Amino acid sequence: MRVEAIELREVALPLLFGFKTSFELRHQHVCLLVRVIADGLEGWGEVPAEDSPLYNEETVGTAWHILEDFIIPMVLGREVPHPRAFAAQVAPIRRNHMAKAGLEAALWDLAGRREGMSLSALLGGTQARIAAGISLGIEPEIDLLLDRIAHFLAAGYRRIKVKIEPGWDVATVARIRQRFGGILLQVDANSAYAPEDAPIFRALDEFSLLLIEQPLAEDDLLDHAALQAQLRTPICLDESITSPAQAEKALRIDACRVINIKAARVGGITAALAIHDLCRARSIPVWCGGLLETGIGRAANLALASLPNFVLPADLSASDRYFAEDVIDPPVRLEADGTVPVPQGPGLGVEIRLDRIENATRRVAQFR
Ligand code: OSB
Ligand code: MG
């Protein structure tokens with residue numbers, strides 16, 4: 001089958017609550033939705049890049065440019081590439097992982113719909129439901145955070161992750177432990193600290209955290225290894241793991257003992273699978289991270305998270321944790337047992353709500 005058309009849409013969805021990380025306070029989720037059309041079938045993918053290059057170097061603007069001017073011309077009017085071959089095809093384009101991953105995700109969805117198989121089954125998934133954790137932002141006051149934790153524990157979330165930054169770390173974690181005892185708890189610094197801050201992490205090491213996510217700079221594997229050597233708590237890398245090759249280097253020098261896998265960050269599901277397999281071979285647990293995705297990105301994350309070495313709770317919260325209305329039907333829901341079911345229908349296994357997508361669209365273009 002031939003790729004007849006590709007549509008790009010820049011979409012902005014308001015968040016129900018402000019979400020503050022060490023790098024920004026966000027009130028909306030901005031992404032590109034990629035729609036690939038071939039032989040009467042379509043596939044959808046998401047580029048969760050936002051307006052500013054703060055999580056990594058990409059934005060929806062850079063992703064649009066790279067897709068329109070470089071990636072789409074490689075695919076349009078040609079045979080649909082197998083999604084497993086796509087990463088190698090676009091490898092000459094350096095980085096721009098989210099842009100690549102968005103189109104690759106649409107090809108994976110299309111492949112699943114064509115085969116009548118769920119994306120989970122296509123990828124070799126073995127789990128029908130994913131243990132759900134939730135990622136909670138920095139709040140102006142500790143009591144606000146404690147109330148939010150209480151709310152989401154009552155809703156059934158199995159693990160709490162809190163964002164930290166200098167001044168919102170050891171005392172914050174101490175208060176959480178004081179009020180909620182031995183819950184599954186982890187922290188994420190999004191690179192807010194320097195190697196000299198090691199004493200802060202040695203203090204956090206006393207709180208039996210599941211892991212400490214991305215304490216230091218993205219490009220600094222060596223200092224992560226030096227820090228890991230001082231801690232019992234596993235360091236988990238997020239931003240630093242940009243490819244299977246980086247994952248291998250990080251593990252080789254013991255810079256981390258857990259990896260957060262986000263297909264968007266590493267250039268797509270194919271690269272994510274390689275990191276999953278590498279970690280599995282080395283008995284390194286992984287879990288599925290998120291980037292505030294709409295249901296389109298979230299459904300793909302669920303399929304990825306169904307692979308066997310995704311053994312820690314995911315940042316895969318229900319649609320209603322961020323959005324009043326998601327762009328898929330049914331929305332992602334949290335079951336009473338604290339899990340989220342993996343869609344079993346063909347491809348992403350969810351219905352795309354074009355009406356809601358239209359309402360949220362800031363710009364759209366079709367390439368044929
Ligand atoms: O570092 O994991 C992160 C959100 C935006 C950017 C970076 C991160 C996050 C999250 C939220 O922690 C994950 C989610 O709920 O989708
Ligand atoms: Mg993170």
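Every number for a ligand or one of its atoms is a count from 1 in the order of the listing. This structure is a prediction, so every number in the text was calculated from the model and none was measured.
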Requested in this report: Please step through side-chain hydrogen bond (donor to acceptor under 3.5 Å, both in side chains) for the pair Thr270 and Glu104, ending with a clear verdict.
Outcome: CA-CA 9 Å; Thr270 305; Glu104 196 217 54; 2.7 Å; yes
Query raised in the report: Any side-chain heavy atom of Phe323 sitting closer than 4.5 Å to one from Pro331?
Result: no
Query raised in the report: Taking any residue with a non-hydrogen atom under 4.0 angstrom from an atom of ligand 1, which ones do you get?
Result: Phe19, Phe23, Arg26, Tyr55, Ser135, Lys161, Lys163, Asp188, Asn190, Glu213, Asp238, Lys262, Gly290, Leu291, Leu292, Asp315, Tyr322
Report summary line: Scanning both residues in full, the closest heavy-atom pair of Lys100 with Phe86 reads O-CE2, 3.3 Å
Query raised in the report: Within 45° of the six-membered ring axis of Trp64 and under 6.0 Å from that ring's centre, is NZ or CZ of Arg9 located there?
Result: no
Query raised in the report: Does Phe17 have Arg26 sitting over its ring (NZ/CZ under 6.0 Å from centre, angle to axis within 45°)?
Result: no
Query raised in the report: Can you tell which of Asp188, Val187, Asp169 makes a side chain to side chain contact (heavy atoms under 4.5 Å, CB included) with Ile212?
Result: Val187
Query raised in the report: Taking only protein atoms, how many N, O or S atoms are found under 2.8 Å from the Mg ion (ligand 2)?
Result: 3
Requested in this report: Verify the neighbour count for atom CZ of Arg202: are there more than 12 heavy atoms of other residues, nucleotides or ligands below 6.0 Å?
Outcome: yes
Query - Test side-chain hydrogen bond (donor to acceptor under 3.5 Å, both in side chains) applied to Glu46 and His29, step by step - result: CA-CA 12 Å; Glu46 177 167 344; His29 171 61; 2.8 Å; yes
Query raised in the report: Among Thr172, Asn190, Thr21, whose side chain to side chain donor-acceptor pair (under 3.5 Å) with Lys163 holds?
Result: Asn190
